[in-house]
Peer 1: 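Okay, handing you the structure first.
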Amino acid sequence: MPMHEDEIRATTELVGRLVAEQCPQWAGLPVTALPDDVEGTDNVLFRLGDSLVVRMPKVEWAAQQADSDARWLPRLSPQLPVSVPVPVHLGRPSDDYPWAWSVVPWVDGTTPPRLGSDDVPLARDLAAFALRLREADATGGPTKPAGSRGTPLSHVDASARAGLDRLRGHDDGLDLAAAERAWDTCVAAPDWGGDPVWFHGDLQPGNLVVDDGRLAGVIDWGALGVGDPAPDVAAALWTFTGDARALYREFVCPDDATWLRACGWALAPSLTGIDYYRHTFPRMAEHGRRMVRAVVAELS
């Protein structure tokens with residue numbers, strides 16, 4: 001079942017044709033679809049031989065990711081402490097496929113637990129990564145449109161409340177009154193008053209690669225931008241539990257207002273995403289329920 005109504009899913013046959021046409025130096029390499037359990041919401045992924053991955057957007061909102069990666073990751077990668085998938089080829093749309101696509105290096109390792117990890121060394125590694133990214137010169141970096149991560153939470157107030165209303169018709173085991181109070185607290189927090197800084201924007205477990213217990217790579221840069229650092233602070237909730245959450249927050253969160261906005265960026269997409277992914281991507285819906293509970297517990 002597709003995750004999105006307007007989804008366009010690339011196939012191994014299509015990828016093989018595009019590779020042969022646009023990067024014939026790899027035409028003899030086998031193309032293998034990655035399993036569903038590593039697929040995210042924006043791209044379909046294919047192994048190309050042993051050392052490459054082809055990233056094919058599957059929904060229009062992800063159509064600019066390949067261009068963004070090709071423009072910004074070469075600038076950022078030398079400043080970061082772990083591997084970053086800098087594109088080695090930027091593919092063009094074709095008669096068979098409407099969007100730009102990319103070929104990136106494969107990063108060896110595994111992803112941490114999807115529903116939270118109390119891994120203190122990993123929290124320390126990810127905090128070091130987030131701070132190094134934040135320290136990079138943001139001059140000329142991509143500002144995000146209203147409603148995107150890194151912009152004021154007020155821009156997603158209406159959609160978050162609409163998502164909350166849709167949940168009232170379901171039994172998700174959530175305290176929706178407490179969730180609404182938590183959202184009221186988050187959206188009332190002062191906006192970021194500092195200079196715009198770089199943020200990855202989606203430091204979820206599925207976008208982290210761990211090898212031998214240490215952070216080895218950070219992938220999927222589709223939310224990259226400059227603005228409020230709160231979305232990367234939200235990884236404390238998205239990715240960690242217990243002592244690891246506390247350590248990550250201590251290292252990367254500059255003030256209490258940023259923590260409230262970070263809670264907001266954990267809560268808002270969860271309130272809208274639980275129902276959106278309820279049947280098409282149950283793992284994402286369950287992650288959203290976990291985030292609602294986590295934010296309520298933090299702010300109660």
Peer 1: At what distance, to the nearest 0.5 angstrom, does CG of L45 lie from CG of L34?
Peer 2: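 CG of L34 is found 5.5 Å from CG of L45.
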Peer 1: When you group the ILVMFWY residues by side-chain heavy-atom contacts below 4.5 Å and let the links chain together, are L90 and L76 in the same group?
Peer 2: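 No: no chain of side-chain contacts under 4.5 Å links L76 to L90.
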Peer 1: Determine whether L126 and L208 satisfy the following criterion, side chain to side chain contact (heavy atoms under 4.5 Å, CB included), listing intermediate values before the conclusion.
Peer 2: CA-CA 9 Å; L126 188 60; L208 310 179; 3.8 Å; yes
Peer 1: Considering all heavy atoms of both residues, which atom of R166 and which atom of H170 are nearest to each other, and what is their separation?
Peer 2: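 That would be O-CD2, 3.4 Å.
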Peer 1: R181 vs D184, test: salt bridge (Lys or Arg N to Asp or Glu O under 4.0 Å). Steps then yes/no.
Peer 2: CA-CA 5 Å; R181 291 192 296 272; D184 290 341; over 6 Å; no
Peer 1: Any donor and acceptor pair, going by atom type alone, linking the side chain of K144 with main-chain N or O of L224 inside 3.5 Å?
Peer 2: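 Answer holds: yes.
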Peer 1: Does a side-chain heavy-atom distance below 4.5 Å link V197 with V226?
Peer 2: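 They are not in side-chain contact.
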Peer 1: Are the side chain of D228 and the backbone of A230 linked by a donor-acceptor contact shorter than 3.5 Å?
Peer 2: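 Side chain of D228 to backbone of A230: a pair is present.
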Peer 1: Any donor and acceptor pair, going by atom type alone, linking the side chain of D232 with main-chain N or O of H200 inside 3.5 Å?
Peer 2: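 It does hold such a pair.
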Peer 1: Shared ILVMFWY cluster between V44 and V103, side chains joined below 4.5 angstrom?
Peer 2: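 Yes, V44 and V103 fall within the same hydrophobic cluster.
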Peer 1: Taking the six-membered ring for Trp, are W72 and W198 closer than 6.0 Å centroid to centroid?
Peer 2: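 Yes, they do, as the ring centres are separated by less than 6.0 Å.
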Peer 1: At what distance, to the nearest 0.5 angstrom, does CZ of R290 lie from CG of L115?
Peer 2: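 It is 5.5 Å, given to the nearest 0.5 Å.
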Peer 1: Are V295 and L167 joined in one hydrophobic group, where the rule is that I, L, V, M, F, W and Y side chains link up if heavy atoms are under 4.5 Å apart?
Peer 2: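 Yes, because V295 and L167 connect within a single hydrophobic cluster, where side-chain heavy atoms sit under 4.5 Å apart.
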Peer 1: Do the side chain of S77 and the main chain of P85 share a donor and acceptor less than 3.5 angstrom apart?
Peer 2: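 No; judged by distance alone, with no hydrogens or angles, the pair does not exist.
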Peer 1: Under a 4.5 Å cut-off applied to non-hydrogen side-chain atoms, are V292 and L271 in contact?
Peer 2: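 When only atoms from C-beta onward are counted, L271 and V292 do touch, with a gap below 4.5 Å.
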Peer 1: Quick one: sort the H4 and Y276 rings into parallel, tilted or perpendicular, breaks at 30° and 60°.
Peer 2: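 Aromatic pair H4/Y276 classed tilted.
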Peer 1: Roughly how far, to the nearest 0.5 Å, is OG of S154 from CG of D191?
Peer 2: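 Going from the CG atom of D191 to the OG atom of S154 covers 5.5 Å.
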Peer 1: Determine whether S270 and W238 make a side-chain contact, defined as any pair of heavy atoms from C-beta on separated by less than 4.5 Å.
Peer 2: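 S270 does not reach W238 side chain to side chain.
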Peer 1: Please give me the minimum heavy-atom distance between P231 and G150, naming the atom from each residue.
Peer 2: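 Scanning both residues, the minimum pair turns out to be CG-N, 3.3 Å.
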Peer 1: Applying a strict under-4.5 Å side-chain criterion to I, L, V, M, F, W and Y, I'd like to know whether V252 and V82 cluster together.
Peer 2: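 Same cluster.
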Peer 1: State whether the side chain of E180 and the backbone N or O of L164 hold a donor-acceptor pair below 3.5 Å, judged by distance alone.
Peer 2: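 No; judged by distance alone, with no hydrogens or angles, the pair does not exist.
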Peer 1: Count the heavy atoms belonging to other residues, nucleotides or ligands that lie under 6.0 Å from CD of Q79, then report whether that count exceeds 12.
Peer 2: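 Yes, CD of Q79 has more than 12 neighbouring heavy atoms, counting only those of other groups under 6.0 Å.
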Peer 1: Step through the shown structure and confirm whether more than 12 heavy atoms of other residues, nucleotides or ligands are within 6.0 Å of CD on Q25.
Peer 2: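 Counting other residues, nucleotides and ligands, CD of Q25 exceeds 12 neighbours.
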Peer 1: So does E135 pair up with R132, basic N to acidic O under 4.0 Å?
Peer 2: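 Between R132 and E135 there is no salt bridge, as every charged N stays at least 4.0 Å from the carboxylate O atoms.
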Peer 1: Taking the side chain as every heavy atom from C-beta outward, state whether F46 and T32 have any atom pair closer than 4.5 Å.
Peer 2: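 No, side chains not in contact.
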Peer 1: Do any N or O atoms from the side chain of S300 and from the backbone of V296 form a donor-acceptor pair under 3.5 angstrom?
Peer 2: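 Present.
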Peer 1: Could you tell me whether the side chains of W61 and D42 share a donor-acceptor contact shorter than 3.5 Å?
Peer 2: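 Yes, because at least one side-chain N or O of W61 sits under 3.5 Å from a partner of the opposite role on D42.
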Peer 1: Would you sort out whether F129 and L203 count as a side chain to side chain contact (heavy atoms under 4.5 Å, CB included), showing the intermediate values?
Peer 2: CA-CA 10 Å; F129 165 87; L203 295 176; 4.0 Å; yes
Peer 1: Nearest 0.5 Å, please: how far is SG in C263 from CG in L237?
Peer 2: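 Atom-to-atom, L237:CG and C263:SG are 5.0 Å apart.
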Peer 1: Does D96 pair with R17 as a salt bridge, N-O distance under 4.0 Å?
Peer 2: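 Salt bridge present between D96 and R17.
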Peer 1: Does T139 offer a backbone N or O that forms a donor-acceptor pair with the side chain of D137 under 3.5 Å?
Peer 2: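 Here the side-chain-to-backbone pair exists.
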Peer 1: Would you please test M56 and N43 for side chain to side chain contact (heavy atoms under 4.5 Å, CB included) and show each step?
Peer 2: CA-CA 5 Å; M56 305 292 292; N43 294 272; 5.8 Å; no
Peer 1: W26 and V31: side chain to side chain contact (heavy atoms under 4.5 Å, CB included), yes or no, with the steps?
Peer 2: CA-CA 10 Å; W26 299 319; V31 176; over 6 Å; no
Peer 1: Please round to the nearest 0.5 Å and tell me the distance separating atom SG of C186 and atom CG of L267.
Peer 2: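 CG of L267 is found 5.5 Å from SG of C186.
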Peer 1: Just wondering, do I8 and P98 contact through their side chains at under 4.5 Å, heavy atoms?
Peer 2: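 They are in side-chain contact.
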Peer 1: So, taking the atom named CD in Q65 and the one named CG in D69, what distance separates them when rounded to the nearest 0.5 Å?
Peer 2: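 Reported value, rounded in 0.5 Å steps: 7.0 Å.
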Peer 1: Are the side chains of S117 and T241 in touch, meaning some heavy atoms are under 4.5 Å apart?
Peer 2: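 No - every pair of side-chain heavy atoms lies 4.5 Å or more apart.
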Peer 1: Test of understanding: clusters of I, L, V, M, F, W, Y form through side-chain heavy atoms closer than 4.5 Å, transitively. Do L131 and V233 belong to the same one?
Peer 2: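 As far as the 4.5 Å side-chain criterion goes, V233 and L131 are connected within one cluster.
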Peer 1: Do other residues, nucleotides or ligands put more than 12 heavy atoms under 6.0 Å from R92 CZ?
Peer 2: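 Not more than 12 within 6.0 Å, no.
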Peer 1: Check whether more than 12 heavy atoms from other residues, nucleotides or ligands sit under 6.0 Å from atom CG of D195, and answer yes or no.
Peer 2: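 No, not enclosed.
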Peer 1: Determine whether D202 and R149 satisfy the following criterion, salt bridge (Lys or Arg N to Asp or Glu O under 4.0 Å), listing intermediate values before the conclusion.
Peer 2: CA-CA 9 Å; D202 200 20; R149 295 175 192 178; 3.1 Å; yes
Peer 1: Over 60° means perpendicular and under 30° means parallel, so tell me whether Y248 and F240 are parallel, tilted or perpendicular.
Peer 2: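 Judged by the thresholds at 30° and 60°, the geometry between Y248 and F240 is tilted.
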Peer 1: Answer yes or no: is there a donor N or O on one side and an acceptor on the other, between the side chain of D118 and the main chain of A244, under 3.5 Å?
Peer 2: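 Present.
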Peer 1: Without swapping roles, check the side chain of R245 against the backbone of A236 for a donor-acceptor pair under 3.5 Å.
Peer 2: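 Yes: the side chain of R245 pairs with the backbone of A236.
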Peer 1: Assess the side chains of S68 and R71: does a donor N or O sit below 3.5 Å from an acceptor N or O?
Peer 2: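 Checked: S68/R71 side chains show no N/O donor-acceptor pair below 3.5 Å.
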Peer 1: Can a side-chain donor-acceptor contact be found between D157 and W183 if the only test is distance below 3.5 angstrom?
Peer 2: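 There is such a pair (donor and acceptor under 3.5 Å, judged by atom type) between the side chains of W183 and D157.
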Peer 1: Given the ring of W101, does R55 sit roughly above its face, with NZ or CZ under 6.0 Å from the centre of the six-membered ring and within 45° of the axis?
Peer 2: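 Checked: cation-pi criterion not met.
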Peer 1: Flag the pair E286 and R278 as a salt bridge only when some basic side-chain nitrogen lies within less than 4.0 angstrom of an acidic carboxylate oxygen.
Peer 2: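 So E286 does not pair with R278 through a salt bridge.
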Peer 1: Look at the side chain of H89 and the backbone N and O of V54, then say whether any donor-acceptor pair between them is shorter than 3.5 Å.
Peer 2: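 Checking the backbone N and O of V54 against the side chain of H89, no donor-acceptor pair under 3.5 Å is found.
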Peer 1: How far apart are the closest heavy atoms of A66 and S102, and which atoms are they?
Peer 2: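 Nearest pair, atom of A66 first, then S102: CB-CB, 4.1 Å.
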Peer 1: A side-chain contact here means heavy atoms from C-beta on lying under 4.5 Å apart; do V86 and P105 qualify?
Peer 2: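 No, their side chains stay 4.5 Å or more apart.
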Peer 1: Apply side-chain hydrogen bond (donor to acceptor under 3.5 Å, both in side chains) to the pair H287 and Y277, showing each step before the final yes or no.
Peer 2: CA-CA 10 Å; H287 179 76; Y277 292 112; over 6 Å; no
Peer 1: Would you mind reporting whether L174 and I274 have side-chain heavy atoms less than 4.5 Å apart?
Peer 2: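 Heavy-atom side-chain distance check passes, below 4.5 Å.
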